[in-house]
Amino acid sequence: MWIAVVVISLALVAIMFKYVLGTPGPSPFAIDTREPLKPMMLDRKLKNKVLKQGFLASKVPQDLDAIVVGSGIGGLAIAVLLAKVGKKVLVLEQHDRAGGCCHTFTEQGFEFDIGIHYIGELLDHKPLRCLIDQLTNGQLQWEPLDNPFDKVVLGPPENRRIYPIYSGKKRYIDELKKCFPGEEKAIDEYVRLSKKVANGVWFMVLLKLLPTPLAKFLVHTGLANRLSSFFRYASRSLTDVVNELTQNKDLRAVMCYIFGTYGKMPKEASFSMHSLLLCHYLNGAWYPKGGASEIAYHMIPIIEKAGGAVLVRAPVNRILLNDAKEAIGVSVLKGQEEVHVHAPIVISDAGIFNTYEHLLPKDVQTMPAIQKQLSMVQHGDGGLSIFIGVDGTKEELGLKADNYFIFPENNLDELACSFLNHCPSVPLIFVASPSAKDPTWPERKPGKSTVTVVSFANYAWFEEWKDDKVKNRSIDYKELKEAFISKILEAVTEIFPKIKDRIEYVDAGTPITNQHYIGAPKGEIYGADHGIPRFSVELNATIRPQTPIKNLFLTGQDVMLCGFAGALTGALTCGSVILNRNLHMDAIGLAKRVKNGNNKKKE
């Protein structure tokens, strides 16, 4: 019996190594494609010629290799990966500009980003930095945030405590210990455990790359949980883990403060997901020079160079299937007419709900395999954003390249629960100044500044107005928006009093705003919900880039994890499946080669 167990174990290890290290297909990372840095494009009109190329049937390239639905980072990234191995890819975007949550908009002379607030793990030669450099041919530049990069504000104005969060693996710990003397053991254990759990996330990628029967075997035998620290802790809530470490309520809140970046209150959040975010920012935080639109701006030319295109105002209303129920293209609504575009591969960055519930025929939606995947996920919470334009420079207004997380008290779970029942109370306010983070801003928008606020709002509170004209919704909707704006501005101006009398523009984006502009079915900003069920081994072995429809694939946040880095990882995983090659290992390998090459140059 033991001989059989050993033989089976060795066979499993051999197969797993094949999918971790196997490289049979072409690699987009075969060479370092970074080019000498070009002057930054500050002319908005010229930049829009790249970002706002409207759809016409005559602009569709011939003999496409793939069609991507959606131009978020997950869609653009998979298109670039395929373009780098010579594939001709068409990306279709329903909005009037490319970028998804990486796009920006301008109102009354103020430019606002909608989704990119800060990114971690961008030290030179880190795999994520190397990946982004390759996807933009080295043209996307990053500016580090201040240190401390985050500040956690707890309590009402009369009893306010502000805790700075520093980057640097040692400094993060040391500064936290200064704030909480006597809690050194709890802080050390929190960081140690977070690193241990986060380091096991590789197994999530493996489950999505292994053949389905083998992945299911690892799930049903319990081996997946045994082999991965990430999955062992996935079913434990953030609240449970943190409460075991300390009785200090402020420290508990500081350990949990970043939960807003994936959208679940601590008692519903997986500690595994939280550990990834803590480790993601340990080495610092960065913002794209020139604003978030720089991301798409530098990716699109690579797609075009391979013969592809990125076209906007191109709402895909359905995926075309042949008689064998295989994806063969998409239908784009142009006015009242449908334009059919064909390709042997269709990749959706529109999210699992939009893809399965809106883009497939009704009879296909009912397939047991599709219904099983839908039953495993639920919609994330709706996002609420406030955009504030202010007269004055960052120096005059006291704005810095950092972020504030503002909580009226230190029991974050009670705050969040109360919020869901008492609209428009606000449990969490994330406040940042994109203009203060961007060194090109003074040249682009002299004498002006912006402040962005992000929180959450229940989609149901706004749902009755979802079919109104976007710029002309009812007075009741506007009054509800104003109630949120008023409450949030009160909190923001207490932290930044110098902006109070200099605000020239303010507006709010609600869940139905997100629904309209970024195609979020319930106004969510992080895709499918990131609560504890999202991190079960069964779900992660089941929801993968391949769909039950042949030649139809998923990319982006819903394949892997939320946020910029999560969506990029989803694209890498999707590319790995389509190209039959482990692109994760390729990207890591290139990062090592680049680092070694640079070290030799220094010598």
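Source: prediction; values computed, not measured.
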Verdict with supporting geometry, Y257 and Y163, ring pair (Phe, Tyr, Trp, His ring centres under 6.0 Å) | CA-CA 11 Å; Y257 83 94; Y163 298 102; over 10 Å; no
K437/D146 salt bridge by N-O under 4.0 Å criterion | no
K487 with E490: basic N within carboxylate O range, under 4.0 Å | no
So F462 and Y477, would you call those rings parallel, tilted or perpendicular, with 30° and 60° as cut-offs?
-> perpendicular
In plain terms, say whether K178 and D174 are close enough for a salt bridge, that is, a side-chain N and a carboxylate O under 4.0 Å apart.
-> no
Identify whether the distance between the nearest side-chain nitrogen and carboxylate oxygen of E463 and K466 falls below 4.0 Å.
-> no
Side chains of N243 and K249: do they bring a donor and an acceptor to under 3.5 Å?
-> no
Charged N to carboxylate O under 4.0 angstrom, K471 versus E107?
-> yes
Under a 4.0 Å N-O cut-off, is there an ion pair linking E111 with K448?
-> no
Evaluate the side-chain hydrogen bond (donor to acceptor under 3.5 Å, both in side chains) criterion for residues Q515 and Y459: first the C-alpha distance (whole Å), next the side-chain angles of each, then the deciding distance (0.1 Å), finally the verdict.
-> CA-CA 10 Å; Q515 186 180 50; Y459 175 78; 2.8 Å; yes
Between K177 and D188, does at least one N-O distance fall below 4.0 Å, as a salt bridge requires?
-> yes
Result of checking F484, F407, W461 against F419 for ring pair (Phe, Tyr, Trp, His ring centres under 6.0 Å) | W461
Flag the pair K289 and D438 as a salt bridge only when some basic side-chain nitrogen lies within less than 4.0 angstrom of an acidic carboxylate oxygen.
-> no
Looking only at atom types and distance, does a side-chain atom of K481 sit under 3.5 Å from a main-chain N or O of A508, one as donor and one as acceptor?
-> yes
F259/F405 under ring pair (Phe, Tyr, Trp, His ring centres under 6.0 Å): CA gap, chis, key distance, verdict = CA-CA 10 Å; F259 76 88; F405 288 78; 8.6 Å; no
Do R236 and Y233 meet the cation-pi criteria used here (NZ or CZ under 6.0 Å from the six-membered ring centre, within 45° of the axis)?
-> no
